[in-house]
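This report refers to the structure that appears directly beneath it.
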Amino acid sequence: MPPAPGARSIASGGRVLILTLTLITLTSSLLATDPGPGSIAPPTLIMVNDLDYDNGESLTISWVPSLDDVPGQSEVVAYRILRSSGGGQEATIGTVLAGESTFVDQSVNRDSAYVYRVATIAANGGEGYSLPTDAVVPNREWLNWDLVWLFLACLVLGGSVVFFIETARRGKKLFVRKIAGLEAIDEAIGRATEMGRPILYIPGIQDMDEVETLASLTILGKVSRQIADYDTQLFMPVARSLVMTAGRETIKTSYLEAGRADAFNEDMVRYITDEQFGYVAAVDGYMVRERPATIFLLGAFFGESLVLAEMGNSVGAIQIAGTARPPQIPFFVAACDYTLIGEELFAASAYLSGEPRQLGSLKGQDVGKGIAMAVILIGVAAATIAELTGSGFFAGVVSTLQNVFTTR
Amino acid sequence: MRRSTLIGGSLVVVFFLAAWLIKGAGASGESPYYSAFLITLAAFLTLAVFSFLYADNPVYKFAEHLFVGVSAAYWMVLGFWQTLVPNLIPRISRALSEQLELEYIDELWNVLYVIPVVLGILLLLRLSRKLGWLSRYAVAFIVGTTAGLNFIAYTRSNFMAQISSTFLPLVGDWTSWAAFVDNLSLSATGPLALLMANIVVVLGVVCGLIYFFFSREHSGTFGMASRLGIWILMITFGASFGYTVMGRISLLVGRMTFLLRDWLGIIAS
Amino acid sequence: MNRTLPFLLTFIVGFTIVIATFSPPLDRLAVDTAVFFSIIAVFAMILGGGNLVKINLVKITRRQRDWQFAIVTLVGFFFVLIIGLFKVGNPGGVTGQVDAPGTPFFDVYTYVFVPVGATMYSLLAFFIASASYRAFRAKNREATILLIAASIIMLGATPFGTMLTAWIPDSLDIFEVPNLHFFLMSSPNLAGQRAIMIGIALGVISYSLRVLLGVERSHIGKDGG
Amino acid sequence: MTTGVIFTLVVIGGALAYFAWRSLRGKEIDRRLIFLVIGATVALPLIFPLEFEHQPSPLVERIYERIEALPPGSQILLSYDFDPGMAPEVQPMADVITRHVLARGHRIAFMSLWATGQAQLNQTLNNVIPVDFPEAEIERDWVNLGFKAGNEGVLRVIASDLPKMFPTDVEGRPTAGMPALEGIRSAGDFDLVISFGGGKPGPREWILFVADPTGVDFAAGTAAVSAPELYPYYPNQMLGLMGGAKGAAEYETAFMGQYEQFADMPSPGRRIMGPLTMAHIVILALIVLGNVIYFRSRRERGTA
């Protein structure tokens with residue numbers, strides 16, 4: 001669990017508070033703990049803060065450094081943090097170096113009360129103990145309010161998608177522009193049929209925990225439905241066992257829907273190896289030996305993208321590629337006939353289905369783009385005005401927007 | 001098998017056997033012939049893969065098939081020892097954890113770790129004709145987690161974070177118009193260059209997004225912006241391409257260095 | 001029925017994860033489900049490995065084309081599987097690091113796995129060259145822009161790029177190749193990357209919702225199938 | 001110029017001249033011939049070393065200057081987050097930075113987020129430190145914390161508590177009290193952190209989980225392929241970047257120029273630049289020639 005953000009905001013807030021309080025209480029605290037001869041001043045104003053928005057698993061202890069802890073001098077070496085709970089034995093839970101003024105105790109339990117003391121440790125071995133704090137119980141919170149803007153973003157972006165899915169379902173016609181790579185699928189499958197050569201479908205080399213792989217399998221559903229109609233040979237080598245299982249299920253479904261259950265064969269989908277270039281070695285070999293007429297390269301690709309695309313190109317296949325990995329797109333653009341760039345890969349299944357609800361979701365995506373553009377332009381305008389006029393108001397707008405859109 | 005294949009194959013075998021023995025005789029260390037064997041094997045496999053550039057051939061097929069078998073098993077072994085064992089054993093059995101020197105984790109959440117085991121077993125039922133349909137539940141679970149995790153992850157790091165880093169002021173480092181005009185030069189560190197850089201970033205992001213719009217015809221002003229967007233994307237792709245060339249050639253240099261230095265000893269280290 | 005229940009599972013799991021993100025006591029679910037996934041993936045490897053063995057055995061028994069090489073695959077597969085799973089020759093015994101140096105498993109990794117993998121990877125250098133020659137052609141304005149950007153970046157990657165334009169005076173030094181290189185990388189390249197990333201985020205959001213809401217459910221299969 | 005270099009230039013130049021001649025006559029070049037020429041272009045400059053002058057680019061210079069500017073005895077964390085695949089590009093950077101840091105009298109903590117990084121780290125420990133710095137002492141001048149599994153998890157922990165993740169060094173010596181780690185509570189206490197890598201976890205994760213939260217000075221050395229995606233972090237979140245073999249070569253040049261005792265040290269980065277430069281030129285030439293053919297055939301079709 002990363003306690004960092006809350007910790008920092010509280011720590012800084014705490015520091016401001018401490019600074020103001022220090023001025024008032026410095027004298028009184030000096031009087032309260034009388035440093036005997038040879039001993040060293042203890043830290044003062046020990047504060048225990050419960051971290052905001054966590055699972056009740058940590059407390060932050062902060063203090064005002066000992067008066068003897070002067071930067072550049074080495075009289076004080078460290079601070080020791082002691083803790084007791086429920087009247088039990090007091091134990092040291094940590095030590096920090098001189099100059100530090102906070103410690104995060106991550107070994108606390110919810111529902112227990114803790115009392116802390118902090119001791120200054122001097123170079124000569126002397127120690128100065130602070131007064132114990134009040135008992136503090138770490139608190140668990142069910143909602144992380146630090147993430148409220150992320151939550152709203154999910155709500156707005158998701159909401160607009162759902163809204164347009166609903167709109168489309170009610171029968172409103174929505175325009176969707178043509179996506180060239182997808183228009184070409186028919187032609188590509190037809191070509192393989194005419195030539196009597198197989199179609200090769202490569203769903204990337206990542207596993208099912210990658211959305212690109214899921215999107216690719218969804219497209220596979222539509223593509224294999226058409227292939228079933230044409231009665232063309234389909235081969236799909238995969239690099240992950242789970243993708244093999246899911247791929248078989250997908251193709252089988254398509255063949256069933258086409259009424260061609262007899263033509264389905266499990267060996268259409270074959271597991272090769274998880275290793276990136278072991279997979280490439282085998283697929284390259286397949287391309288050279290079987291000379292597929294059509295190759296689909298849709299999914300998550302890495303360095304192997306060019307090897308596969310260039311090999312496919314050299315055996316004269318018509319190639320339709322798509323990936324959301326920017327570094328790989330140029331190779332597809334260069335060596336393939338059609339390339340789906342980034343977002344188009346995810347839109348493809350909706351586009352191919354032609355189903356109104358699916359097309360509606362594309363309209364929902366556009367709303368997201370509109371929001372992104374609007375926010376960027378507002379942010380840029382405010383930043384520019386702030387820079388030009390030195391206006392504090394516009395600088396505030398920028399930093400507010402920055403905060404809203406920064407999530408850790 | 002054709003005769004030419006047989007003769008060619010024997011020649012290759014004899015050549016690398018000789019290479020091994022020569023290397024072994026010249027090597028020092030504990031087991032010179034074993035380490036010489038390993039180096040020669042690696043060199044043979046390297047050259048076997050390169051031979052594919054000329055044409056598909058039995059030597060490449062050998063390397064390809066060996067690599068497929070070896071690497072499939074390699075990842076399975078790692079999956080077992082580095083994923084299954086450390087993630088599952090410490091939550092299932094204290095005794096077994098101690099035996100394997102793993103730290104036992106004692107918490108309520110251990111109960112949840114039944115889920116992947118059950119789903120894993122459901123997945124294996126695919127081998128049975130009758131119960132095969134149960135594997136769907138495993139797939140359904142995986143699809144659900146992938147969709148859920150990525151929904152949040154992409155909103156957070158791709159959408160919000162990318163937007164917030166684009167709030168750039170469209171002015172350079174300057175104090176007044178006069179100063180700005182005075183400093184106007186085509187120096188790479190000058191105010192004009194900085195201003196241009198920011199303008200290009202902002203305009204590029206906005207036009208790039210316009211290119212991806214699905215629900216509007218790309219015509220008129222909108223079409224022009226979309227055109228500009230695709231140009232920006234093309235520069236991005238060009239840049240990626242240029243940089244990749246450098247990286248890939250370095251890889252080839254690495255392999256060549258292996259052959260020339262570690263195996264043949266032609267070049268000094 | 002066969003389709004409704006799996007869909008419900010997808011729906012519940014997906015939205016539980018989304019909601020758990022916002023709740024500190026539950027947000028570790030994201031990490032745990034990622035671990036669950038990798039555990040299930042290991043189970044699935046049994047299917048993948050089984051498929052590999054089956055296909056190669058069929059190839060051998062039916063004497064299909066290249067059946068001799070299927071033997072190579074199987075021998076390599078079982079050899080590595082055995083030395084790996086049983087940690088053969090591992091100085092640390094069963095608790096030793098599986099790929100510790102000095103083990104046969106490590107040797108296979110270093111002298112078979114790495115050379116073949118790295119060499120396959122380095123074939124890219126050759127393919128890039130042939131793709132440059134055959135595919136990078138200024139067919140239209142877009143392709144031309146890509147070409148020019150790639151050329152500047154490539155020139156910038158060599159010492160020649162610097163020499164070529166070193167004569168340009170300081171006041172115009174934005175036109176020097178290293179500076180152009182930097183400008184291209186940090187401005188248009190950055191903008192393009194960002195636009196793509198934002199677009200992808202929206203694509204993923206919309207796709208995930210289609211899956212979670214059951215608008216898209218081809219992954220679950222068909223009734224009675 | 002030796003005969004070898006002349007031979008190299010003649011071979012490459014001859015091949016390009018032949019390609020040009022064919023292209024101008026409108027004939028395509030066989031792929032295999034291109035492959036052969038690329039192979040020769042890379043192999044020959046390796047056998048007959050071909051070296052160029054390198055001007056450090058600003059991103060590389062920043063790192064060099066920062067290491068120069070730190071007072072001797074500063075503590076620097078070097079993380080080896082790469083595998084043999086990236087090693088030709090990244091190992092030279094790691095080696096030269098190690099030399100520079102030790103020559104300047106700083107202290108180093110080595111670590112790795114990649115299991116495969118440990119072997120790369122050992123190369124520096126075996127080939128650089130004992131050879132060039134026999135007087136450097138383990139624990140006092142450097143410490144090897146080794147590989148820790150856990151990716152970003154490791155980074156999150158060391159951002160707040162380094163000893164918690166590394167109670168001992170790689171050989172089991174307790175890190176507490178080691179002079180090389182004197183005063184280090186978290187990764188934020190180092191004077192400079194450099195990650196060498198290009199995959200995940202790599203420099204990007206270091207920025208997100210260590211440099212940003214702690215504000216520590218951070219620089220990266222990365223494989224060329226990953227450089228474009230790191231540019232957005234410069235200069236605010238990352239003070240410098242060495243991208244690919246060129247970055248390594250530039251750093252080596254800067255270092256060898258200033259430290260005369262190292263003028264003859266092995267400079268693998270510069271050596272790679274020989275084949276790399278020649279290959280770039282050949283590829284640029286191929287792009288031009290490809291377009292020559294293309295426009296020729298288009299014009300012929302146009303006039304026909």
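So that the names make sense, note that chain A is the first sequence line, chain B the second, and so on, each numbered from 1.
For chain A, the option among B/Tyr211, B/Phe151, B/Phe67 with the highest count of heavy-atom pairs below 4.5 Å is B/Phe67. Per-residue heavy-atom pair counts under 4.5 Å with chain B were compared for A/Ile341, A/Val280, A/Val288, and the maximum is reached by A/Ile341. When the candidates A/Gly370, A/Cys154, A/Ala347 are compared by the number of heavy-atom contacts under 4.5 Å with chain B, A/Cys154 comes out ahead. For the set A/Leu362, A/Leu174, A/Leu401, A/Val398, the count of heavy-atom pairs under 4.5 angstrom toward chain B peaks at A/Leu401. Looking only at heavy-atom pairs under 4.5 Å with chain B, the residue among A/Gly379, A/Ala383, A/Ala382, A/Pro330 that has the most is A/Pro330. Across A/Thr213, A/Ile179, A/Asp209, the residue that shares the most heavy-atom pairs under 4.5 angstrom with chain B is A/Asp209.
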Does the side chain to side chain contact (heavy atoms under 4.5 Å, CB included) test come out yes or no for B/Phe241 and A/Val333, once each step is laid out?
-> CA-CA 11 Å; B/Phe241 176 85; A/Val333 170; over 6 Å; no
Can you list the steps and then say if A/Met244 with B/Arg126 is a side chain to side chain contact (heavy atoms under 4.5 Å, CB included)?
-> CA-CA 12 Å; A/Met244 175 185 84; B/Arg126 178 152 267 285; over 6 Å; no
Step by step, work out the side chain to side chain contact (heavy atoms under 4.5 Å, CB included) result for B/Phe213 and A/Arg177.
-> CA-CA 8 Å; B/Phe213 257 81; A/Arg177 75 159 156 104; 5.7 Å; no
May I have the step-by-step check of side chain to side chain contact (heavy atoms under 4.5 Å, CB included) for B/Val139 and A/Met208, ending in yes or no?
-> CA-CA 9 Å; B/Val139 175; A/Met208 297 279 288; 4.3 Å; yes
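Proximity to chain A is absent for every atom of B/Tyr243, based on heavy atoms less than 4.5 angstrom apart. In this structure, chain A has a heavy atom under 4.5 Å from the side chain of B/Val202, while its backbone stays farther away. In this structure, chain B has no heavy atom under 4.5 Å from any part of A/Tyr279. Interface remark: B/Arg216 contributes backbone atoms only to the contact with chain A (heavy atom separation under 4.5 Å). Within the 4.5 angstrom heavy-atom criterion, no atom of A/Ile385 approaches chain B. In this structure, chain A has a heavy atom under 4.5 Å from the side chain of B/Leu123, while its backbone stays farther away. For chain A, no part of B/Tyr74 is nearby; none of its heavy atoms comes within less than 4.5 Å. Interface remark: B/Leu209 contributes backbone and side-chain atoms alike to the contact with chain A (heavy atom separation under 4.5 Å). With a 4.5 angstrom heavy-atom cutoff, A/Leu242 touches chain B only via side-chain atoms. With a 4.5 Å cut-off on non-hydrogen atoms, A/Gln365 touches chain B through its side chain but not through its backbone. At a 4.5 Å heavy-atom cutoff, the contact between A/Val176 and chain B is made by backbone and side-chain atoms alike. Only the side chain of A/Tyr271 comes within less than 4.5 Å of a heavy atom in chain B; its backbone stays farther off. Of the two parts of B/Thr166, the backbone and the side chain both hold a non-hydrogen atom closer than 4.5 Å to a non-hydrogen atom of chain A. Using a 4.5 Å cut-off between heavy atoms, A/Met311 contacts chain B through its side chain alone, with no backbone atom that close. Within the 4.5 angstrom heavy-atom criterion, no atom of A/Gln276 approaches chain B.
A donor-acceptor pair is defined here as one N or O able to donate and one able to accept, closer than 3.5 Å; no such pair exists between the side chain of A/Asp274 and the backbone of B/Trp75. At distances below 3.5 Å, at least one donor-acceptor pair connects side-chain atoms of A/Asp366 with backbone N or O atoms of B/Phe214.
Residue B/Phe222 places its CZ atom among more than 12 non-hydrogen atoms of other residues, nucleotides or ligands, all under 6.0 Å distant. Crowding of A/Phe151 atom CZ: a count of heavy atoms from other residues, nucleotides or ligands under 6.0 Å not exceeding 12.
Between A/Val404 and B/Met160 the shortest heavy-atom distance is O-CE, 3.4 Å. In plain terms, the two heavy atoms of B/Ala72 and A/Thr273 that are nearest each other are N-OG1, 3.2 Å. Summarising the geometry of B/Ser71 relative to A/Glu275, their closest heavy-atom pair is CB-CB, 3.3 Å, with the distance given to 0.1 Å. Between B/Val205 and A/Ile376, the closest heavy-atom pair is CG1-CD1, 3.6 Å. Listed here is the closest heavy atom pair of B/Arg248 and A/Gly303: NH2-CA, 3.6 Å. Minimum heavy-atom separation, A/Pro327 to B/Ser240: CA-OG, 4.0 Å.
The CD1 atom of B/Ile163 lies 11.0 Å from the CE atom of A/Met373; values are rounded to the nearest 0.5 Å. One distance of note links CG of B/Asn150 with CD of A/Glu210; it measures 6.5 Å at 0.5 Å rounding. A distance of 9.0 Å separates OG1 of B/Thr244 from CG of A/Leu306, quoted to the nearest 0.5 Å. Interatomic distance, A/Asp207 CG to B/Ile142 CD1, rounded to the nearest 0.5 Å: 7.5 Å.
In this structure, A/Asp284 and B/Tyr60 have side chains that are in contact, with non-hydrogen atoms separated by less than 4.5 Å. Proximity of A/Leu150 to B/Thr155: side-chain heavy atoms (C-beta onward) are separated by under 4.5 Å at one or more points.
Ion pairing between B/Glu64 and A/Arg289 holds under the 4.0 Å rule for side-chain N and carboxylate O.
In this structure, B/Phe167 and A/Phe405 have perpendicular ring planes: the angle between them is above 60°, well past the 30° mark.
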